[in-house]
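Protein chains get the first letters and strands the later ones, always in sequence-line order, with residue 1 at the start of each.
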Amino acid sequence: MSLALHGIFKQFGTTAALHGVDLKAAEGEFLALLGPSGSGKTTLLRMIAGLETAESGRVLIGGADMAGVPARARGVGFVFQHYALFRHMTVADNIAFGLRVRPRAQRPGRAAIRARVADLLGLVQMPELGARYPDQLSGGQRQRVALARALAIEPRMLLLDEPFGALDAAVRRDLRRWLRDLHNRTGLTTVMVTHDQAEALEVADRVAILRAGRVEQVDTPAGLWASPATAFVHRFIGESVELPCTVADGLARFAVAGLPDLPCDLPAGPALAMLRPHEIGLSAGGPARVRGVAVAGPAVRVEVQAGETMIEVLLPPGAAPPALGSACRLDLGAARFYPRG
Amino acid sequence: MNPRFPPVPIVAVLAALAALGGLVLLPVAALFAEAAGQGLGRALAAFDDPDSLAAIRLTLLVAAISVPVNTLGGLAASWCIARFRFTGRGVLLTFIELPLSVSPVISGLVWVLLFGAQGWFAPAVDRLGVQVIFATPGLVLATLFVTFPFVVRQLVPLMQAQGSEEEEAALTLGASPWRMFWHVTLPNVRWALLQGVLLLNARAMGEFGAVTVVSGRIRGQTLTMPLQIEALYNDFQAPAAFAMAGLLALLALVTLAARAWLEWHTRRGTDKTMATA
């Protein structure tokens, strides 16, 4: 089902948590809500599930307004950050819970429930663990049980709150791939909250970047890489080199000595030039100095001093590392400009 | 031995055992020895006395009302305190502890102030023709007041530690609030709740100070077991007093044993969690 949020506003005490958020997810889309802690992303997710109410604004699921619809009637699967498995029930009972609490008329028979639980245990790749208790499972297994439990009710939408937050890196990578694969198979509209940009960019179809209760940008991972809308987004989704400059007459003049002026279409005033380290070109001979060279995996990381400023440059794989202390020139032609202050 | 702690000094262990033996075990043993020393026949004869039987009945009645009322009330109060942030929450938490910090005499006296002959609600109670003070309702009220904190004190820390995510999960899975309570909230706190109920029951049966004030000491009518024991003792009927005291202590020991069993059971549960975490 599709999801639409219109002008969501929420206050906790006197501090506003969300300032009029508008957001859409199409049917079958995988949307990630990405932002630092305190950006309001979890509050937003809980609002979709009906676990939190907005002061104003509307939540639409499949086009229907969810105002006044309690969490239990929304038919969304919610996976909590700390799994929230029922500690006194076995894995199988956890998964069956959503089916067993249905009103009698819609409740499947015992055999049907057992079959569904077995299916789901197979889907999450732990068919033989139905009789275990949550405290006898590893973190990754608990996460998958939580997913199976949420999927058991055949939800209209899947909501994931930091699903990999508490797992170690290797398990995380596996589970991420598995989740994307699961999404491809079920085609379930999915909204995932995360503070990990790599995770969001890898798994989601589109990523909404939140900052202090506002949506900064919504785009595909490729779009976010290619054209970050604000300096915040640029900084948040990957390594950034930032160089303060001043724009006048369509030219950006750098505060750092020894960097050439660049054409820029921002209005006159202070600005910030931003680049990824791999977008900076490096050539021999010039006013800058090579101060550090490190071979980091296939790429070479070079530290260049221009005036008083140190600038990180990532050379493409196979490039010959420059000599330490040699003179060099920086090519900043790929820079994106953002207004400053 | 646990390597994180230095070996326990033997002197401290001996001191603790001596204190326990001298201050707790010895008096309790003396009580039972005294009760038994009368000869079983004479001890049992004490229970032929209709006043003593009335006291036992009254104690059981007071406990039978106080325990369910304060279990439900305590459960509801704990849930509100642990789950919601509201103005006055801190004040409420403090006031729930009040019966434990105030002298039991005062816990009785407040009811006299409210329902006694000159009390605030005396006219209303008179009009209804109900006697509260120097009657069973007064004993029940005083006992309810004194025993209210026991369940809350057991549940609030546990509920706060567990958080509300499991309850929220139940809701998103389609459970009604009622089903959520029965299938998630209650099972998660059942052992702590049982412990609280046992403590509450022990205190309801054993309370002396608060009920003394509201009882009026009418033999055969408003004397609970602790009050009956005192009355017998003051009448120089030591054998009967000891027999009754023995029975009351036995009830307490059964409660204590049940509690120990529960604690052992609960700890085993958490050990299992630790081992697999």
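- Summarising the geometry of A:Ile153 relative to B:Thr172, their closest heavy-atom pair is CD1-O, 3.7 Å, with the distance given to 0.1 Å.
- Separation of atoms CZ (A:Arg102) and CZ (B:Arg179) is listed at 12.5 Å; rounding is to 0.5 Å.
- Between the side chain of A:His88 and the backbone N or O of B:His183 there is at least one donor-acceptor pair closer than 3.5 Å.
- For A:Met1, the CE atom counts as loosely surrounded, since its 6.0 Å shell holds 12 or fewer non-hydrogen atoms of other residues, nucleotides or ligands.
- Heavy atoms of other residues, nucleotides or ligands lying less than 6.0 angstrom from CZ of B:Phe95 number 12 at most.
- Between the CZ atom of A:Phe86 and the CD atom of B:Glu167 there is a distance of 9.5 Å, given to the nearest 0.5 Å.
- Contacts of A:Leu85 with chain B are made by backbone atoms alone, with heavy-atom separations under 4.5 Å and no side-chain atom involved.
- With a 4.5 Å cut-off on non-hydrogen atoms, A:Ala150 touches chain B through its backbone but not through its side chain.
- Around CZ of A:Arg185, the count of heavy atoms belonging to other residues, nucleotides or ligands within 6.0 Å exceeds 12.
- Of the atoms belonging to A:Arg149, heavy atoms from both backbone and side chain fall under 4.5 Å from chain B.
- Put simply, the side chain of A:Arg87 does not reach to within 4.5 Å of the side chain of B:Pro187, judged on heavy atoms.
- Of the residues considered (B:Ser176, B:Ala170, B:Ser164), B:Ala170 shows the highest number of contacts with chain A, using heavy-atom pairs under 4.5 Å.
- Taking chain B as the reference chain and counting heavy-atom pairs below 4.5 Å, the highest number among A:Phe80, A:Phe97, A:Tyr83 is found for A:Phe80.
- Contacts with chain A (heavy atom to heavy atom, under 4.5 Å) involve these residues of residues 155-162 of chain B, listed by number: B:Gln162.
- Rounding to the nearest 0.5 angstrom, the gap separating the CD atom in B:Glu165 from the CZ atom in A:Phe78 is 8.0 Å.
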